[in-house]
Amino acid sequence: MSGLLEIRSLTVKYDGDGNAIKNIDMTVDHKEIIGIVGESGCGKTTLIRSIIHLLSSNAKVVSGEIIFNGQDIIKYNKEQWRNLRGNEIAMVFQNPGSYLNPIIKIGKQFVQSIRNHRALSKREAIKKAKETLEKMHLRDCDRIMDSYPFQLSGGMKQRVAIAMAIAMEPKLILADEPTSALDVMTQVQIANELMALREDFHTSIIMVTHNIGCAAYMADRIMVMNKGEIVEFESKAQIIAQPKKEYTRNLLNAIPELKGLEA
Ligand SMILES: Nc1ncnc2c1ncn2[C@@H]1O[C@H](COP(=O)(O)OP(=O)(O)OP(=O)(O)O)[C@@H](O)[C@H]1O
Ligand SMILES: [Mg+2]
(Lines give C-alpha, C1' and ligand atoms only; values in the text may rest on other atoms or scores of the structure.)
(Ligands and ions follow the chains in the order given, each with its own letter.)
Protein backbone atom coordinates (compact mmCIF):
# COMPACT_ATOMS: atom_id res chain seq x y z
CA MET A 1 0.00 0.00 0.00
CA SER A 2 1.39 3.40 -0.92
CA GLY A 3 -1.09 5.53 1.02
CA LEU A 4 -1.21 6.33 4.72
CA LEU A 5 -4.49 4.69 5.66
CA GLU A 6 -6.61 1.99 4.11
CA ILE A 7 -9.91 0.83 5.52
CA ARG A 8 -11.30 -2.43 4.21
CA SER A 9 -14.92 -3.53 4.60
CA LEU A 10 -15.34 -1.94 8.01
CA THR A 11 -18.64 -2.69 9.74
CA VAL A 12 -19.44 -1.37 13.23
CA LYS A 13 -22.58 -1.81 15.29
CA TYR A 14 -23.88 -0.64 18.66
CA ASP A 15 -25.41 -3.16 21.10
CA GLY A 16 -29.03 -3.86 20.28
CA ASP A 17 -28.95 -1.88 17.01
CA GLY A 18 -28.31 -2.63 13.35
CA ASN A 19 -24.98 -1.74 11.80
CA ALA A 20 -24.06 1.92 12.27
CA ILE A 21 -21.53 1.74 9.42
CA LYS A 22 -21.45 -0.98 6.80
CA ASN A 23 -18.68 -2.25 4.55
CA ILE A 24 -16.74 0.99 4.48
CA ASP A 25 -13.78 0.99 2.10
CA MET A 26 -11.58 4.04 1.96
CA THR A 27 -8.02 5.15 1.44
CA VAL A 28 -6.19 8.25 2.58
CA ASP A 29 -2.95 9.34 0.98
CA HIS A 30 -0.10 11.21 2.57
CA LYS A 31 -0.92 14.94 2.71
CA GLU A 32 -4.47 14.31 1.59
CA ILE A 33 -7.50 16.08 3.03
CA ILE A 34 -10.71 14.05 2.97
CA GLY A 35 -14.08 15.59 3.75
CA ILE A 36 -16.84 13.31 5.02
CA VAL A 37 -20.36 14.67 4.62
CA GLY A 38 -23.83 13.30 5.22
CA GLU A 39 -26.92 13.77 7.30
CA SER A 40 -27.03 13.50 11.04
CA GLY A 41 -26.83 9.87 12.17
CA CYS A 42 -25.28 8.54 8.93
CA GLY A 43 -22.22 7.21 10.79
CA LYS A 44 -19.54 9.89 10.32
CA THR A 45 -18.45 10.04 13.95
CA THR A 46 -18.62 6.25 14.29
CA LEU A 47 -16.28 5.92 11.32
CA ILE A 48 -13.61 8.32 12.55
CA ARG A 49 -13.82 7.13 16.14
CA SER A 50 -13.20 3.59 14.89
CA ILE A 51 -10.01 4.79 13.21
CA ILE A 52 -8.60 6.13 16.48
CA HIS A 53 -10.03 3.32 18.62
CA LEU A 54 -12.27 5.62 20.65
CA LEU A 55 -15.65 3.99 20.13
CA SER A 56 -17.98 3.87 23.12
CA SER A 57 -18.00 0.63 25.09
CA ASN A 58 -21.33 -0.52 23.58
CA ALA A 59 -19.86 -0.42 20.06
CA LYS A 60 -18.37 -3.43 18.32
CA VAL A 61 -16.26 -3.74 15.18
CA VAL A 62 -18.10 -6.57 13.44
CA SER A 63 -15.60 -6.96 10.62
CA GLY A 64 -12.97 -5.18 8.61
CA GLU A 65 -9.41 -3.96 8.70
CA ILE A 66 -7.86 -0.56 9.34
CA ILE A 67 -4.36 -0.49 7.90
CA PHE A 68 -2.30 2.49 9.06
CA ASN A 69 1.26 2.75 7.79
CA GLY A 70 1.11 -0.90 6.77
CA GLN A 71 -0.20 -2.28 10.10
CA ASP A 72 -3.68 -3.50 10.98
CA ILE A 73 -4.33 -1.24 13.96
CA ILE A 74 -7.64 -2.86 14.87
CA LYS A 75 -5.55 -5.64 16.40
CA TYR A 76 -3.45 -3.25 18.49
CA ASN A 77 -3.34 -3.72 22.27
CA LYS A 78 -3.62 -0.94 24.88
CA GLU A 79 0.11 -0.30 24.97
CA GLN A 80 0.34 -0.01 21.18
CA TRP A 81 -2.61 2.37 21.19
CA ARG A 82 -0.98 4.52 23.83
CA ASN A 83 1.97 4.93 21.50
CA LEU A 84 -0.06 5.55 18.38
CA ARG A 85 -2.79 7.86 19.68
CA GLY A 86 -1.65 11.45 19.95
CA ASN A 87 1.70 10.64 18.35
CA GLU A 88 0.68 9.36 14.94
CA ILE A 89 -3.08 9.82 14.85
CA ALA A 90 -4.78 12.65 16.72
CA MET A 91 -8.36 13.76 17.01
CA VAL A 92 -10.03 17.15 17.24
CA PHE A 93 -13.47 16.79 18.76
CA GLN A 94 -16.56 18.72 17.76
CA ASN A 95 -16.88 20.37 21.11
CA PRO A 96 -13.49 21.36 22.55
CA GLY A 97 -15.24 21.80 25.88
CA SER A 98 -15.62 18.03 26.05
CA TYR A 99 -11.90 17.58 25.48
CA LEU A 100 -10.41 20.27 27.69
CA ASN A 101 -10.59 19.73 31.43
CA PRO A 102 -12.62 22.68 32.82
CA ILE A 103 -10.80 22.83 36.15
CA ILE A 104 -7.18 22.72 34.94
CA LYS A 105 -5.43 25.66 33.32
CA ILE A 106 -4.64 25.29 29.61
CA GLY A 107 -0.87 25.40 30.15
CA LYS A 108 -0.91 22.58 32.69
CA GLN A 109 -3.13 20.38 30.49
CA PHE A 110 -1.03 21.04 27.43
CA VAL A 111 2.26 20.32 29.22
CA GLN A 112 0.84 17.10 30.71
CA SER A 113 -0.34 15.96 27.31
CA ILE A 114 3.07 16.68 25.72
CA ARG A 115 4.94 14.89 28.52
CA ASN A 116 2.63 11.87 28.17
CA HIS A 117 4.08 11.43 24.70
CA ARG A 118 7.63 12.75 24.92
CA ALA A 119 10.38 12.56 27.49
CA LEU A 120 10.72 16.33 27.81
CA SER A 121 11.44 18.41 30.89
CA LYS A 122 8.65 20.67 32.12
CA ARG A 123 10.49 23.66 30.75
CA GLU A 124 10.93 22.09 27.30
CA ALA A 125 7.27 21.06 27.25
CA ILE A 126 6.16 24.62 28.11
CA LYS A 127 8.29 25.91 25.24
CA LYS A 128 6.79 23.38 22.83
CA ALA A 129 3.24 24.19 24.01
CA LYS A 130 3.77 27.91 23.42
CA GLU A 131 5.34 27.37 20.02
CA THR A 132 2.41 25.21 18.98
CA LEU A 133 -0.15 27.75 20.22
CA GLU A 134 1.67 30.39 18.16
CA LYS A 135 1.38 28.17 15.08
CA MET A 136 -2.38 28.32 15.55
CA HIS A 137 -2.10 32.12 15.46
CA LEU A 138 -3.08 32.54 19.05
CA ARG A 139 -1.70 35.76 20.41
CA ASP A 140 -0.64 36.30 23.98
CA CYS A 141 0.21 32.68 24.59
CA ASP A 142 1.33 33.34 28.17
CA ARG A 143 -2.14 34.54 29.07
CA ILE A 144 -3.74 31.56 27.31
CA MET A 145 -1.45 29.10 29.11
CA ASP A 146 -2.51 30.73 32.38
CA SER A 147 -6.27 30.58 31.60
CA TYR A 148 -8.96 28.09 32.43
CA PRO A 149 -10.96 26.91 29.39
CA PHE A 150 -14.01 28.99 30.42
CA GLN A 151 -11.90 32.14 30.12
CA LEU A 152 -11.41 31.58 26.39
CA SER A 153 -13.80 32.11 23.48
CA GLY A 154 -15.11 29.15 21.47
CA GLY A 155 -12.72 29.90 18.61
CA MET A 156 -9.75 30.15 20.98
CA LYS A 157 -10.65 26.86 22.66
CA GLN A 158 -10.92 25.17 19.28
CA ARG A 159 -7.50 26.53 18.27
CA VAL A 160 -6.07 25.28 21.58
CA ALA A 161 -7.61 21.84 20.94
CA ILE A 162 -6.10 21.76 17.45
CA ALA A 163 -2.74 22.91 18.84
CA MET A 164 -2.84 20.02 21.33
CA ALA A 165 -3.67 17.62 18.50
CA ILE A 166 -0.82 18.82 16.27
CA ALA A 167 1.86 19.20 18.95
CA MET A 168 3.30 15.75 18.24
CA GLU A 169 3.12 16.33 14.49
CA PRO A 170 0.82 13.37 13.87
CA LYS A 171 0.62 11.85 10.41
CA LEU A 172 -3.17 11.85 10.50
CA ILE A 173 -5.62 14.26 12.10
CA LEU A 174 -9.24 13.29 12.52
CA ALA A 175 -11.47 16.31 12.96
CA ASP A 176 -15.12 15.88 13.89
CA GLU A 177 -16.93 19.05 12.85
CA PRO A 178 -14.08 21.19 14.14
CA THR A 179 -15.70 24.46 13.10
CA SER A 180 -19.43 23.90 13.17
CA ALA A 181 -19.99 25.66 16.51
CA LEU A 182 -18.09 28.76 15.38
CA ASP A 183 -18.93 31.93 13.47
CA VAL A 184 -18.19 32.00 9.74
CA MET A 185 -15.02 34.13 9.96
CA THR A 186 -13.51 31.84 12.60
CA GLN A 187 -14.56 28.79 10.56
CA VAL A 188 -12.65 30.08 7.56
CA GLN A 189 -9.57 30.93 9.65
CA ILE A 190 -9.49 27.49 11.26
CA ALA A 191 -10.04 25.82 7.87
CA ASN A 192 -7.07 27.79 6.51
CA GLU A 193 -4.95 26.83 9.49
CA LEU A 194 -5.78 23.15 9.04
CA MET A 195 -4.87 23.42 5.36
CA ALA A 196 -1.56 25.09 6.27
CA LEU A 197 -0.77 22.15 8.53
CA ARG A 198 -0.55 19.70 5.71
CA GLU A 199 1.88 22.01 3.93
CA ASP A 200 4.01 22.42 7.06
CA PHE A 201 3.96 18.85 8.41
CA HIS A 202 2.63 16.81 5.46
CA THR A 203 -0.30 15.88 7.68
CA SER A 204 -3.29 14.03 6.25
CA ILE A 205 -6.67 15.13 7.55
CA ILE A 206 -10.05 13.43 7.65
CA MET A 207 -12.63 16.06 8.37
CA VAL A 208 -16.24 15.37 9.20
CA THR A 209 -18.64 18.17 8.45
CA HIS A 210 -22.34 18.72 7.91
CA ASN A 211 -21.37 21.46 5.52
CA ILE A 212 -20.54 20.31 2.01
CA GLY A 213 -19.41 23.87 1.26
CA CYS A 214 -16.71 23.53 3.91
CA ALA A 215 -15.68 20.15 2.46
CA ALA A 216 -15.59 21.72 -1.01
CA TYR A 217 -13.30 24.44 0.30
CA MET A 218 -10.83 22.22 2.13
CA ALA A 219 -10.86 18.69 0.82
CA ASP A 220 -9.09 16.92 -2.04
CA ARG A 221 -11.68 14.17 -2.03
CA ILE A 222 -15.17 14.05 -0.56
CA MET A 223 -16.93 11.01 0.87
CA VAL A 224 -20.71 11.24 0.91
CA MET A 225 -22.35 8.90 3.44
CA ASN A 226 -25.95 7.88 3.95
CA LYS A 227 -27.33 5.39 6.48
CA GLY A 228 -23.94 3.97 7.35
CA GLU A 229 -22.80 3.41 3.79
CA ILE A 230 -20.71 5.28 1.24
CA VAL A 231 -22.84 6.92 -1.42
CA GLU A 232 -19.86 8.16 -3.40
CA PHE A 233 -16.22 8.93 -2.72
CA GLU A 234 -14.57 10.97 -5.45
CA SER A 235 -12.43 14.01 -6.08
CA LYS A 236 -13.92 17.28 -4.95
CA ALA A 237 -14.28 18.44 -8.56
CA GLN A 238 -16.19 15.28 -9.45
CA ILE A 239 -18.54 15.48 -6.47
CA ILE A 240 -19.31 19.18 -6.88
CA ALA A 241 -19.49 19.36 -10.67
CA GLN A 242 -20.62 15.88 -11.68
CA PRO A 243 -22.21 14.02 -8.79
CA LYS A 244 -23.24 10.56 -9.91
CA LYS A 245 -25.83 9.87 -7.24
CA GLU A 246 -29.13 11.57 -6.66
CA TYR A 247 -28.45 11.68 -2.93
CA THR A 248 -25.35 13.83 -3.55
CA ARG A 249 -27.23 16.08 -5.96
CA ASN A 250 -29.87 16.68 -3.29
CA LEU A 251 -27.19 17.53 -0.72
CA LEU A 252 -25.66 20.02 -3.15
CA ASN A 253 -29.00 21.53 -4.09
CA ALA A 254 -29.65 22.20 -0.43
CA ILE A 255 -26.87 24.83 -0.52
CA PRO A 256 -27.82 27.39 -3.18
CA GLU A 257 -24.55 29.32 -2.98
CA LEU A 258 -22.62 26.26 -4.18
CA LYS A 259 -24.42 26.07 -7.50
CA GLY A 260 -21.99 26.95 -10.28
CA LEU A 261 -19.00 26.92 -7.94
CA GLU A 262 -15.78 26.01 -9.71
CA ALA A 263 -14.19 23.28 -7.60
N1 LIG B 1 -22.94 5.59 21.73
C2 LIG B 1 -23.91 5.13 20.93
N3 LIG B 1 -24.75 4.15 21.33
C4 LIG B 1 -25.71 3.66 20.51
N5 LIG B 1 -25.90 4.09 19.25
C6 LIG B 1 -25.10 5.04 18.79
C7 LIG B 1 -24.06 5.63 19.60
N8 LIG B 1 -23.42 6.57 18.87
C9 LIG B 1 -24.03 6.58 17.66
N10 LIG B 1 -25.03 5.68 17.61
C11 LIG B 1 -25.90 5.40 16.44
O12 LIG B 1 -25.09 5.08 15.32
C13 LIG B 1 -25.56 5.73 14.14
C14 LIG B 1 -24.46 6.63 13.59
O15 LIG B 1 -24.21 7.68 14.53
P16 LIG B 1 -23.01 8.71 14.39
O17 LIG B 1 -22.90 9.42 15.67
O18 LIG B 1 -21.83 7.99 13.89
O19 LIG B 1 -23.59 9.66 13.23
P20 LIG B 1 -23.05 11.06 12.70
O21 LIG B 1 -23.08 10.96 11.19
O22 LIG B 1 -21.77 11.40 13.34
O23 LIG B 1 -24.21 12.08 13.14
P24 LIG B 1 -24.11 13.66 13.53
O25 LIG B 1 -23.93 14.37 12.22
O26 LIG B 1 -25.41 13.95 14.17
O27 LIG B 1 -22.94 13.84 14.46
C28 LIG B 1 -26.83 6.47 14.56
O29 LIG B 1 -27.92 5.66 14.24
C30 LIG B 1 -26.69 6.62 16.04
O31 LIG B 1 -27.94 6.62 16.66
MG1 LIG C 1 -21.19 13.00 14.59
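As the structure lists them, so they are numbered: ligands from 1, and atoms in each ligand from 1. Side-chain atoms are counted along with the backbone in the values below, which use heavy atoms only and exclude waters and symmetry mates.
There is a path of hydrophobic side-chain contacts, each under 4.5 Å, that joins I162 to M195. No single ILVMFWY cluster, assembled from side-chain heavy atoms under 4.5 Å apart, contains both Y148 and L100. In the hydrophobic clustering of this structure, L54 groups with I89; members are Ile, Leu, Val, Met, Phe, Trp, Tyr whose side-chain heavy atoms approach within less than 4.5 Å, directly or through other members. I106 and I104 fall into different hydrophobic clusters, where Ile, Leu, Val, Met, Phe, Trp and Tyr are joined by side-chain heavy atoms under 4.5 Å apart, directly or via other members.
When heavy-atom distances to ligand 1 are checked against 4.0 Å, the residues falling inside are Y14, D17, A20, E39, S40, G41, C42, G43, K44, T45, T46, S56, N58, E177, H210, ordered by chain and number.
For E131, the salt bridge (Lys or Arg N to Asp or Glu O under 4.0 Å) partners are K127, not counting sequence neighbours. Partners of K171 by side-chain hydrogen bond (donor to acceptor under 3.5 Å, both in side chains), not counting sequence neighbours, listed by chain and number: E88.
Salt bridge annotation for D220-R198: present, with a cationic side-chain nitrogen under 4.0 angstrom from a carboxylate oxygen.
For the side-chain contact (heavy atoms from CB on, under 4.5 Å) test with F233, the passing option among I36, I34, I239, I222 is I34; the others fail.
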(request) Kindly indicate, with the supporting measurements, whether the criterion side chain to side chain donor-acceptor pair (under 3.5 Å) is fulfilled by S121 and E124. (result) CA-CA 5 Å; S121 69; E124 289 165 331; 3.3 Å; yes
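Of all protein atoms, those of element N, O or S that lie under 2.8 Å from the Mg ion (ligand 2) number 1.
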